[in-house]
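The next block holds one structure in the form of structure tokens; read it before the comments.
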Amino acid sequence: MFNRNHRMKVLFATLIIVTAMAGCAKEPYRDSAVEESVATKDAPHTLDVFHIAFAPGADETERTFSWHTRGMNKKGVVELSQLDEEGNVLSSETFEAAGEGILRGFSSHKATITGLEENQLYSYRFGDGHRAWSESYTFRTQATEDDDFNFLFFGDPQIGAGDGAQIDADGWDRTVTTATEMFPDTAFLVSAGDQVNTAHNLKQYDGWFFPEELTFYPIMTLIGNHDYTPFADYFNPPNETGLGADDAGSDFYFTYGNTLFIALNTQRNNIEEHREAMELAVAENPEATHRIVLMHKSIYSSADHARDEDVLAFRDGLVPVFDELDIDVALMGHDHVYVRTYQMKGDAVVEEIAYDEAGAAVDPEGTLYLTGNSASDSKYYDMQDSSVYERYAAVALQLEEPTFMNVEVTDDSLTFTTYKTADQSVVDAYSIVKVDSGE
Ligand SMILES: [Fe+2]
């Protein structure tokens, strides 16, 4: 066991609406497959809600939710309240869920909340549309007016791939807690896919949802090769394009501040559909200063998956599209290793790069490819021979310990810094500065 997030403890202790944050150490996560719903039996006005997927929405004024309730609750609502800094409710609004479904013993609900203002404290709770409500959770929106924000990127948690779901969940929790303590004002988190090892294993999903920070910080999840159809039961991405689609979902996109994020479903290798989705996202957001692709399968990595047939096919197909659409960076997972490429264009290293005094690449050509390591400590892959990756990898490290990446965004720069969870030491840092940022 480990200490909880002290910053959040201080914050939540001031808010009487928050009911679940007292105490000094986390209990092991609960097993939704066997847990009895005490709430619905003994307290009919309390709705037992679990698997709360709180995620970025189509832009910074929206958030999406997916949540599960025990039993056959056909209706679901989210009540959003704006709070003052003392936690008093200023106003409330209710949003109806859409896309309810009945799963094995529980109900799935999805909703989107809109109209969020920057730098505000909010609370949310879930209802059944009648009298029952869940407990309340808080979150804070960040300021976007000056175009500066940061987000945190986590490589495959893959709960259940290591020494047991509880151990993997503890590792995942340690990294999420460490990262958000270090960057408490982070706008959101990204999980690089493969949330769990076995898609239909509820215990593993309970482990993925274990970090309590995930009700406070929205997290965007990518579709990995271990996620399959249940992904759609647990998550609710914005702007789904229907392109690159399978039963788990499709390519989707969102903006936050000045940046466009395009998430590709690498379970489908239809390059033309991925191209169409990316072109659509760019056309819908022509004003975005930065363009970032998020995708599970790394197309420039250094470990067991580096030479997979599908990976090489994605590289052949997607690199020309990234070049055409001026994608700044692709953030990827799947290979459980940390890799930062050189600036790449046309599958070749961009040779001429200017650096400023701080060492940042100035207006570099091409795209940067970053592969996230394991955030949970559940699994690591062996490195290939260096001849496989030395052509494109500026840094390739199999640390065999968990890390996370912080991405700082300003109006004219992107900075990627990877930290070890254990001691928060810097593994690698790289910056791009756009001096001639007309594009
Ligand atoms: Fe994977």
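No experiment lies behind these values; they were computed from the predicted model shown. We number each residue from 1, following the sequence as shown. Both ligands and their constituent atoms are indexed starting at 1 by order of listing.
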The Fe ion (ligand 1) to H334: any N/O/S contact under 2.8 Å? yes
Ring-ring centroid check F151 F183, cutoff 6.0 Å: no
Mind checking whether the Fe ion (ligand 1) has an N, O or S of N225 under 2.8 Å? yes
Heavy-atom count around D356 CG within 6.0 Å, excluding the residue itself: above 12? yes
Would you name the N/O/S atom of D194 that lies closest to the Fe ion (ligand 1)? OD2
Ring centres of F252 and F261 under 6.0 Å apart? no
Is the distance from the ring center of Y228 to that of H200 below 6.0 Å? no
Return yes when at least one N/O/S atom of H296 is nearer than 2.8 Å to the Fe ion (ligand 1), and no when none is. yes
Salt bridge between D428 and R340, side-chain N to carboxylate O under 4.0 Å? yes
Between D156 and the Fe ion (ligand 1), is there a contact where an N/O/S atom of the residue lies under 2.8 Å from the metal? no
